[in-house]
Amino acid sequence: MSVIFEKSVRGRRGVDLPKCDVPSKGHIDEAYRRGTSLDLCELSELDVVRHFTALSRKNFGVDNGFYPLGSCTMKYNPKALEAVARLEGFTDLHPFMPQLRHGGMLVQGALRVLYELERLLAEITGMDAVTLQPLAGAHGELTGMMLIAAYHRDKGNKKTEVLIPDEAHGTNPSSAAIGGYAVRAVPTDKKTGTLDLEALEQMVGEQTAAVMLTNPSTLGIFNSDIARIVEIAHEHDAQVYYDGANLNAILGRFRPGDAGFDVVHMNLHKTFATPHGGGGPGAGPVGVKKHLVDYMPISRVVKRDDNTYALDYDYPKSIGYIATFYGNFMVCLRAYAYILMLGASGLREASGHAVLNANYLMNRLKDKFKVAVPRTCMHEFVLSAEAEAEKGVHATDIAKALIDEGFHPPTIYFPLIVKEALMIEPTESESKETLDAFVDAMLKISAQVSACPEVLTSAPKSTPVNRPDEVKAARDMDVAWPRDNHEQ
Ligand SMILES: *Cc1c(COP(=O)(O)O)cnc(C)c1O
């Protein structure tokens, strides 16, 4: 496919601009003037529309196909929420607008949304208070680590390390490290797919600042030992952190706060109506128990006695700012509307469907692919393509072949503790027909592993680029179009 400049034909016009009727003012110094012509491309309107429509079709998104990217929860987000996020009363706000003026109605609605969303998320997770400040899941983890550090500092606790399961998302150890702690990996019991309790008991001690747990884990398993884990940690005055990025598996069924967790983060841009990796800001709100409320970041949204809302900054023990303003307000707004739209019973139904869909897929695939932990899963499960790899077809080849079948590949090579991992998360929004079509594609690929492996190892055939050097693409990216190609 050519770039738009290559389609340019001199003199062809899409629009005619009227002659400038504004008198030119002042004089631009010669040094700042462009020496050459602008050299814009020249095309008809039809050419432009076709060019960009063709480009948009090269993109893969939830709107055009199944996207079972494990851990990322690429589910369908209702379009009604986009309409809510586009309401003028919200989009036309400026962060420096006064909170109260002329009756104070300009930003009161937005503050109310933030206040009520905090209360809703606190209710959903069973925590005492929530901050909407963090701008991503990883940012929420870091905020949580800073809160825990502030708590220990205040109590005079000398704590040096954080314990994290070896199957955790990579952001967990990095957040703990940036939070100032040494990280120690707790092994996973290979049979149950959950944290090795005995190892945890041996590793935990006075030096432990926190135990960080992802539940359901990245293997898609609900850890039924959490009561004991919380107890073990609390015996040593260690805080227990709940990575709630997988909240879509437990909505309306289990609350981390009820199980004794001290801190939890959520990913609004996974569970609550904004796609993960959407390229925009995200939201990783953090919920805490009472004993951590004083340390929460500023600003905080408060409701005053006269029922007005305000941003409050007067918290002497606060860890301070972790973000400025609320640049992710539209993400919060969509989450708020989504929660109200579904209601308590709808959220419960969503988690039920997420788990049902994952188990359906896992059971339909388990005869042809090895399941990493063969037991009832939550919202996602992990396959291991170890046997296929011995025949020369690796997890990455299966992923690439799925592209030719019209599906987005699952997450691969994560979690790290599973060889040739394929991590599949169907999400709650997919129909049985879609899941069946995906199974058909996977079974077809499975048959090809022995019959015609070269079809898989040379896939994808249907994309403009076949197999880029991914390291080079990340480290040495060059997306500039060589202007020398441009004949004028
Ligand atoms: C996605 C995810 C994170 C990180 O969230 P980001 O918003 O991508 O920073 C952390 N933990 C788990 C388990 C996740 O799935």
Side-chain angles (χ1 to χ4, degrees), residues 67-75 77 121 125 131-146 162 164-179 183 185-186 188 193-195 210-223 226 240-251 256 261 263-287 322-323 327-328 330-332 334-335 351 354 358 377-382 410-418 421 423-428:
Y67 206 134
L69 194 66
S71 194
C72 287
T73 313
M74 297 303 289
K75 66 187 188 185
N77 298 304
L121 295 174
T125 53
T131 171
L132 298 172
Q133 290 284 330
L135 300 170
H139 200 198
E141 294 169 26
L142 176 62
T143 304
M145 283 298 122
M146 290 167 72
V162 173
I164 303 176
D166 59 359
E167 43 84 44
H169 198 275
T171 50
N172 288 189
S174 46
S175 299
I178 296 174
V183 175
V186 187
T188 299
T194 54
L195 195 72
V211 177
M212 253 181 137
L213 202 75
T214 304
N215 196 40
S217 72
T218 51
L219 287 162
I221 303 293
F222 189 91
N223 190 326
I226 41 180
V240 235
Y241 185 99
Y242 192 101
D243 179 330
N246 295 333
L247 208 67
N248 66 319
I250 56 163
L251 285 172
F261 284 84
V263 190
V264 54
H265 92 259
M266 303 142 249
N267 281 53
L268 299 191
H269 53 284
K270 278 182 183 170
T271 310
F272 298 103
T274 293
H276 185 236
V286 169
I322 52 120
N328 60 351
M330 296 305 159
V331 181
C332 297
R334 277 199 287 266
S351 61
C377 67
M378 295 297 286
H379 64 304
E380 66 193 4
F381 59 97
V382 179
T411 297
I412 52 175
Y413 300 111
F414 177 76
L416 303 176
I417 58 167
V418 176
M423 184 191 208
I424 300 174
E425 177 178 10
T427 81
E428 56 269 34

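Computed from a prediction, not measured in an experiment: that's the story for all the values here. Just so you know, ligand 1 is whichever comes first in the structure, and atom 1 is the first atom listed for that ligand.
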Visitor: Kindly confirm or rule out an N or O of T214 lying under 3.5 angstrom from an N or O of ligand 1.
Guide: no

Visitor: Drop me the distance from T188's OG1 to L219's CG, to the nearest 0.5 angstrom.
Guide: 6.5 Å

Visitor: I need the contact type for A245 against ligand 1. Using non-hydrogen atoms and a strict under-4.0 Å cut-off, is it side chain, backbone, both or neither?
Guide: side chain

Visitor: Distance to 0.1 Å, residue and atom name: give those for the protein heavy atom nearest to atom 5 (O) of ligand 1.
Guide: N267 ND2, 3.1 Å

Visitor: Compare all side-chain heavy atoms of L121 with those of L268 and state whether any distance is below 4.5 angstrom.
Guide: yes

Visitor: Between CG of L69 and OG1 of T427, what distance do you get to the nearest 0.5 Å?
Guide: 11.0 Å

Visitor: What is the closest protein heavy atom to atom 8 (O) of ligand 1, and at what distance does it sit?
Guide: H276 NE2, 2.8 Å

Visitor: Counting only heavy atoms, tell me which of P415, S71, G137, A168 gets closest to atom 6 (P) of ligand 1.
Guide: G137

Visitor: Show the atoms of ligand 1 that are less than 4.0 angstrom away from any heavy atom in A138.
Guide: 4 (C), 5 (O), 6 (P), 9 (O)

Visitor: Flag D243 as yes when one of its N or O atoms lies below 3.5 Å from any N or O atom of ligand 1, and as no otherwise.
Guide: yes

Visitor: For the residue pair H269 and H276, does the interplanar ring angle fall in the parallel (under 30°), tilted (30 to 60°) or perpendicular (over 60°) class?
Guide: parallel

Visitor: Checking side chain to side chain contact (heavy atoms under 4.5 Å, CB included) against E167, which of V186, T218, N172 comes through?
Guide: T218

Visitor: Could you tell me whether K270 and ligand 1 have an N or O pair separated by under 3.5 Å?
Guide: yes

Visitor: Start with the C-alpha gap between E428 and N248, add the side-chain angles, then the distance that decides, and say whether side-chain contact (heavy atoms from CB on, under 4.5 Å) holds.
Guide: CA-CA 8 Å; E428 56 269 34; N248 66 319; 3.4 Å; yes

Visitor: Counting only nitrogen or oxygen atoms and a 3.5 angstrom limit, does H265 reach ligand 1?
Guide: no

Visitor: So which bit of E141 gets within less than 4.0 Å of ligand 1, heavy atoms only: side chain, backbone, both or neither?
Guide: side chain

Visitor: Could you tell me which non-hydrogen atom of E380 sits nearest to which non-hydrogen atom of A358, and how far apart they are?
Guide: N-CB, 3.8 Å

Visitor: Using the side chain to side chain contact (heavy atoms under 4.5 Å, CB included) definition, which of the options N215, T271, T214, N267 pairs with N246?
Guide: T214

Visitor: If you take the nearest heavy atom of each of H169, E167, H139, which one is closest to atom 4 (C) of ligand 1?
Guide: H169

